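So the structure is just underneath, and the comments pick up after that.
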Amino acid sequence: MTKMTMVQALNLAMQQEMAKDDRVLLQGEDVGVDGGVFRVTDKLLEQFGEERVLDTPLAESGIVGTAIGMAIYGLRPVCEIQFSGFSYYILHQLEAHAARMRHRSQGRYEVPLVVRMPYGGGVRALEHHSESREAYFAHTPGVKMVIPSGPRNARALLVSAIRDPNPVIFFEPKALYRAFREEVPEEEESIPLGQPQLVRKGKDVTLIAYGAMMTPTLEAAEELLAKDGVEAEVIDLLTISPLDDALIMASVQKTGRAVVVHEAPKSFGPGAEIIARLMEKAFYYLEAPIQRVTGYDIIYPLFALESAYMPNTGRIVQAVRETLKT
Amino acid sequence: MTKMTMVQALNLAMQQEMAKDDRVLLQGEDVGVDGGVFRVTDKLLEQFGEERVLDTPLAESGIVGTAIGMAIYGLRPVCEIQFSGFSYYILHQLEAHAARMRHRSQGRYEVPLVVRMPYGGGVRALEHHSESREAYFAHTPGVKMVIPSGPRNARALLVSAIRDPNPVIFFEPKALYRAFREEVPEEEESIPLGQPQLVRKGKDVTLIAYGAMMTPTLEAAEELLAKDGVEAEVIDLLTISPLDDALIMASVQKTGRAVVVHEAPKSFGPGAEIIARLMEKAFYYLEAPIQRVTGYDIIYPLFALESAYMPNTGRIVQAVRETLKT
Amino acid sequence: MPRKKIELPYSAEYLSILDENGVVDKELEPQLSEELLLKLHRAMLAGRRFDERMLNLQRQGRIGTFPPIKGQEASQLGAVAVLEPSDWMVPAFRETLAEIWRGKAMENFILYYGGYDEGSMVEKGRNDLPVSIPVGSQMLHAVGIGMAIKYRKQPQVAMTFFGDGATSEGDFHEALNFAGVYQAPVVFVCQNNQWAISIPREKQTHAKTLAQKALAHGLPGIQVDGNDVLAVYAAAQEAVERARFGGGPTLIECYTYRLSLHTTADDPTKYREAEEVAQWEKKDPIIRFQTYLQNKGLLTPEALEGMEEEIAKEIQDVVEQSEQRMTGGEPLDMFQHTYDELPPSLRQQKEEVRSNLALAQKEVDHD
Amino acid sequence: MPRKKIELPYSAEYLSILDENGVVDKELEPQLSEELLLKLHRAMLAGRRFDERMLNLQRQGRIGTFPPIKGQEASQLGAVAVLEPSDWMVPAFRETLAEIWRGKAMENFILYYGGYDEGSMVEKGRNDLPVSIPVGSQMLHAVGIGMAIKYRKQPQVAMTFFGDGATSEGDFHEALNFAGVYQAPVVFVCQNNQWAISIPREKQTHAKTLAQKALAHGLPGIQVDGNDVLAVYAAAQEAVERARFGGGPTLIECYTYRLSLHTTADDPTKYREAEEVAQWEKKDPIIRFQTYLQNKGLLTPEALEGMEEEIAKEIQDVVEQSEQRMTGGEPLDMFQHTYDELPPSLRQQKEEVRSNLALAQKEVDHD
Ligand SMILES: Cc1ncc(C[n+]2csc(CCOP(=O)(O)OP(=O)(O)O)c2C)c(N)n1
Ligand SMILES: Cc1ncc(C[n+]2csc(CCOP(=O)(O)OP(=O)(O)O)c2C)c(N)n1
Ligand SMILES: [Mg+2]
Ligand SMILES: [Mg+2]
């Protein structure tokens, strides 16, 4: 095992999948010679050549639209959108075609497409470079929405996403690209899509988060134990949609309390669905209202104020204390 | 007062606003000579001329992108997207610019833009012509998401949308375009955006719906009274986002039970947000889990099966009975 | 102000071979086998008759909305007829005849427009995409297929169809640009039928032709008489050869006319003159081709009559067979094909539907 | 196959007036007042120095990411200098000098790239849009402004800037097409600086020039030496006049070069040769213009020196003033400007932030 950043781990996933499956190819803006603006595809052009690592013209719909054609032909294109703030350009191709081709052709064609993109805030970026709009894709039937939270699961999930026969939107928490390293095994490792993970056991309250928010969420769990003696159970969604809520139900039926955390704007955000599921399946176990710690329903501010926008350990701890009041 | 269909009522709203405010103009595919494929803009070209009713080239992003420029200049463009299934082409212009120009220019510019479009199922249409994806727009800060449910409120809400200084996405339930007529006053009438309406008083359960779903929801309320003696209170959201939940809270704090109805896919749909709000603000009043009666997380089927997809009176009645079991 | 003119490698061109009176330009006449000529004629005739029958079915409420092809038979058939079965075809939604030529069963059109998803099924072996309704969006798929063909070094090409209105969508240009950059084996066939619902070609763009749009992307563009099956065939053949042998993509503008409705939901009298339609009726692609065949001694009035009867019967059978299959459908089938496997949330939703149906059934039994 | 060539009303052209050695083509030399010539020179020099200083500030961590303009001073200034204050300017994100010329305070750039939303404020009276980061999206706004100008029968024009990469986005073509259809008074100024981050111009499109993309939409397109402020000025003047007096839109391709980084987050050594940059250093737009002014006897080494000192001082003051304003910001301000008025849900969220802040304050006081 070597310690890797998420950038290196993602690179490893693509490198290995490309090495063993010549159907896999990459395309996007600056993914080749430049190795991606975050270097996630670094050196892959040298290894696999221009035929399999395509530096495309500057057109997101073109990138995904052509990738849909490639996927129908039988390839497994992995596209990069440079920032999720520019992913809205692809929604029509994704919703109208990638998500529907299997259904429209009644099973004749599938679109094993992965669209990777960095998302989220906290990196002192320019406008459009800090948003989290996973809810758009999570609400799109036919698409899978995946978000890793560390180098190791990023690698293992990307491998599964590349092998998945359905279109997968793969959000990469850019704040974590180089935030910390983890042991990542050289040998192949994958995590099945669609399975949230229990990352910390506890009995008093369930914290549900994903992506970059796992960091403050786990910190909050620590702080709650240290300062309040509260044992928080923590769940990492990993796959936002289709959402398998079994683990969440089991946990909340045990703890009776929950807090959901995400960077995305609060209203009509992913947290709402989790709460709705809990309402449907765990209502009688709830001892207090479930709290949301999220971004706000506003234009994401430039970085002088982003720390005021982003959920942080303090806000999460605070919310947990609220739920524990009753 | 004359009895009008929703198509006529919407036409009246635009006709009157254009007559008294020369900043208002229309653009879209086939809105001029053809009067719109549903005839919602019929005769407006004859009355106001090509300068104010623009038959545009076939390009949704072009329609909304140019309208943003017009709005910044000081006009009040009302755009038509022929079907909401093609609205995904405008998301980047809407999210990146219409929703943000006020903030980006720090108040110097505003984008008083209305984008009208028919949405929803039940009309035996082709693929892409039956979807309901209001959640995409509801989750977009800076935008208002409005959906009328009858000729009279359609007219009154469109008037307010045209006068609103913020970008408004205006979904028109195509199933109701000619489904029934209502008295619509000749003289000006408007309903403020952002205010759900109580359309039926009751004490046993609260039904929350909007748009075309108001019809089966109100039928269900009738049936429940007739067959079960249950008095259902019914709320019509009218403005989906920004969502003012005061009326919903007041009602559910009284009834203790609620069912949310929409055509949109269930997961990550608008119903989830309503349930999350109730969780936050009415938890201690709830006597049973809140139910969702919605579309499914699948590709909307062609019309042979659409009745199986669409929420109907029977499903709503059934859900209410569920909530009343406990 | 004096300045240097920039010389471009390509210019837009125009081609016509068989004029509206059926007179052929001997110089340009492609040498097609009698068999192929007759096959093309029969296909166009059958396409026309099937279109007419579909319109009746719709008017009788036996199927839903559909887009007639009347007048565009040569414009789509001339192009698709050049393809090998192993080539790929990416249609818009008005290529009914092209799809039939490629092997799609007429029955499936009736099912599809009758509201049954099974109707858009693509049989194994036919390398076509299903119809694409979002205007301008499908050409990118053809380009991606072309890029994949090039990657796999296959001797295939991808041909895609779209309308005049589609050339205003950004995706059209992104498709041409990608095709140019990667020199993908793609043939872009624009069905310029002069109308995008109620919007006439002149309002769609300030450009004199649609063919010249290729110049923006450094590609050859040609405008052909779309009601002249020989011209369309010749232009398509040249483009397909070029693409197949590494010469890159071509844009073909077929200059034709939509003689019928945009769809059965449309009323053209709102936006165009009967006179204009009458003028184009004179340019009918089938009649001029029949004249051509008769002059060549390949077609007699008797043969034509027999053919008409044969086609009528064939269509009648198809209608009957398909209607036997239109029995309402199985609700639970709607959960198929959204994902390869049902995720837990959809399994639950499917169960919910199953029990609702059972419940509804119980109530029916009650009353 | 023989066929008719389609004659187009326009062809793409090329213009250069002041060559890289500062030698002017007397025939083409525009007659600009000495005052304007000197003003253009000083603006370019100040733009260059401000750019250098911003780079330092970023390297010292005093501001965040920003996109340098080095090398493109003439390419943007020559165009914007033609505008009247009442005209509209719609920039991308690399038009710093054009924005300064139009009246935007240098201070605001430091605030904006320092992370303060106030920095992108547009003062009343300046008819410019704020920077637009989504590539290719802003040209449509200029077209809409142009359509509104036409509707209001105002003697204004809208000029919009974008890069070579932006010409690959569908929105670029939708903008040209709408501008053509409505003959809107718009001037499209493409800053072809040869690179879109790491993608060279040749990989962006198979087209020989970007100017020829105008032909797809039936518009005139011209390519000019973007490092020649006189050529850019002359071409822009012609286009602006045409637009102002009802002649419709024009596409101008300014052929220039990005001498510096894409943004401060970029490392060009990854994708381009120092040699290429060195070649373009020789074509520096400021140096050649200084030679021209000196030959005209309008500029002396002494005057230049004085000017440099003056500019240095001016920039120093700006930096100090802006940094005094960069005091962290007021969290509750982030709720401003999403809507004209705070809806109830946002009022509640704002309250939540207010109390969180209070709480955090309490805890700080505690420790
Ligand atoms: C993106 C999109 N916008 C609007 C529509 C509605 N619509 C269906 S066909 C059509 C006109 C298409 O015109 P054209 O491309 O010329 O094809 P034709 O119908 O003439 O065959 C329109 C506007 C659509 N299907 N997709
Ligand atoms: C829609 C969109 N896609 C990607 C990006 C990321 N990005 C920022 S600038 C840029 C390159 C732009 O190149 P060009 O248009 O030539 O302008 P230049 O940077 O050279 O001035 C890219 C890909 C973006 N900002 N917007
Ligand atoms: Mg057409
Ligand atoms: Mg560039």
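Every chain is numbered from 1 and lettered A, B, ... according to where its sequence line falls, protein lines coming before strand lines. Quick caveat, the model's predicted, so the values are computed rather than measured.
Between B/Y284 and A/P289 the shortest side-chain heavy-atom distance falls below 4.5 Å.
Residue A/A282: no heavy atom, backbone or side chain, is found under 4.5 Å from chain B. For A/L286, the parts lying near chain B are the backbone and the side chain together; criterion is any non-hydrogen pair under 4.5 Å. Contact of A/F86 with chain B is not made at all, since no heavy-atom distance falls under 4.5 Å. Neither the backbone nor the side chain of A/Q93 comes within contact range of chain B, judged by heavy atoms closer than 4.5 Å. Both the backbone and the side chain of A/F268 have a heavy atom closer than 4.5 Å to some heavy atom of chain B. There is no contact between A/S61 and chain B, counting heavy-atom distances below 4.5 Å. Looking at A/I290, both its backbone and its side chain come within 4.5 Å of chain B, counting heavy atoms on both sides. Proximity to chain B involves both the backbone and the side chain of A/I240, based on heavy atoms less than 4.5 angstrom apart. In this structure, chain B has a heavy atom under 4.5 Å from the backbone of A/E287, while its side chain stays farther away.
Looking at A/R277 and B/S267, their side chains do bring a donor and an acceptor atom within 3.5 Å of each other.
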Step by step, work out the side chain to side chain contact (heavy atoms under 4.5 Å, CB included) result for A/H92 and B/E60.
-> CA-CA 11 Å; A/H92 65 286; B/E60 288 70 21; over 6 Å; no
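A perpendicular orientation is assigned to the rings of A/Y136 and B/H139, their planes being inclined by more than 60° (bins at 30° and 60°).
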